[in-house]
Amino acid sequence: MSDSTPEDDLDLERLAMLRDLDPDDTSYLDRAIGNFVSNASTVGATAREAALRGDHEELRAVTHKMVGNALNLGLNYVGAAARRLELLAGEGTTEGAAALLDDLDRALARGRGDLLAFQASYQASPS
């Protein structure tokens, strides 16, 4: 029996639904994956910089957007990590953000890998 929760998991059903929006054209999902992969490091760095400056408003805004983007792509664990930072910033502080930012960085790296592996799985299979 696993101790994982739904927020720890990659939502493969969500990704499959996005892939199958148009069975003959995965361009929407490919674009969304490409955007996430190319922007994840920048967004993570922006969140870290906002926290280091003590700018809780920017940290909240950046992480709020990240929650939506991650959950849209089935990256529940990225959404959960970003939400913890969003909630902290929503309390008007960045105090204690360092450990949460490290968690977010790990989740973002995992998310990039998971999305690229999912993309490779459907690009490699015959149509």
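This chain uses plain numbering: 1 for the first residue, then up along the sequence. Just so you know, these numbers come straight off a predicted model, no measurement behind them.
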Margin query: If I compare all heavy atoms of S38 with all of T42, which pair ends up nearest, and what's the gap?
Written below: O-OG1, 4.4 Å
Next item on the list: Not counting sequence neighbours, which residues clear side-chain hydrogen bond (donor to acceptor under 3.5 Å, both in side chains) with D105? List them please.
Entry: R48
Margin query: I'd like to check D9 versus Y77 (side-chain heavy atoms, cut-off strictly below 4.5 Å). Are they in contact?
Written below: no
If you look only at distance, which donor and acceptor atoms sit under 3.5 Å apart when one is on a side chain in residues 78-93 and the other is two or more places apart or in another chain?
| residue | atom | partner | partner atom | Å |
| --- | --- | --- | --- | --- |
| E86 | OE2 | H64 | ND1 | 2.6 |
| T93 | OG1 | E95 | N | 2.9 |

Check: For D11, which residues count as a salt bridge (Lys or Arg N to Asp or Glu O under 4.0 Å) partner, sequence neighbours excluded?
Finding: none
Notebook entry, point to check: So which pairs with a foot in residues 53-82 pass salt bridge (charged side-chain N to carboxylate O under 4.0 Å, His left out), sequence neighbours left out?
Noted result: R53-D55, R53-E58
Notebook entry, point to check: Which pair of non-hydrogen atoms, one from L59 and one from A50, has the smallest distance, and what is that distance?
Noted result: N-CB, 3.8 Å
Margin query: Once side-chain hydrogen bond (donor to acceptor under 3.5 Å, both in side chains) is applied, do any residues pair with R19, and if so which ones, sequence neighbours excluded?
Written below: none
Next item on the list: Show which residues join L71 in its hydrophobic cluster (side-chain heavy-atom contacts under 4.5 Å, direct or indirect), or state none.
Entry: V67
Note to self: With a 4.5 Å cut-off on side-chain heavy atoms, are L108 and V43 touching?
What the structure shows: no
Margin query: Tell me every residue that passes side-chain hydrogen bond (donor to acceptor under 3.5 Å, both in side chains) with S27, counting only those two or more places apart in sequence or in another chain.
Written below: D25
Checklist line | Contacts of N72 that satisfy side-chain hydrogen bond (donor to acceptor under 3.5 Å, both in side chains) - sequence neighbours left out | finding: R14, Y28
Item checked: Approximate separation, where rounding is to 0.5 Å, of N76 CG and L10 CG -> 7.5 Å
Checklist line | Interatomic spacing from CZ in F36 to CG in N69 - rounded to 0.5 Å | finding: 8.0 Å
Notebook entry, point to check: What is the distance from atom OG1 of T63 to atom CG of L100, rounded to the nearest 0.5 Å?
Noted result: 10.0 Å
Next item on the list: Kindly compute the distance separating CG (L12) from OG (S121), expressed to the nearest 0.5 Å.
Entry: 8.5 Å
Check: Pick from L15, L29, D30: which one makes a side-chain contact (heavy atoms from CB on, under 4.5 Å) with Q119?
Finding: D30
Checklist line | Residue pairs passing the ring-ring contact (aromatic ring centres under 6.0 Å, His included) test where at least one lies in residues 98-121, sequence neighbours excluded | finding: F118-Y122
Check: Applying salt bridge (charged side-chain N to carboxylate O under 4.0 Å, His left out), which residue pairs with at least one partner in residues 107-120 are found, sequence neighbours left out?
Finding: R110-D114
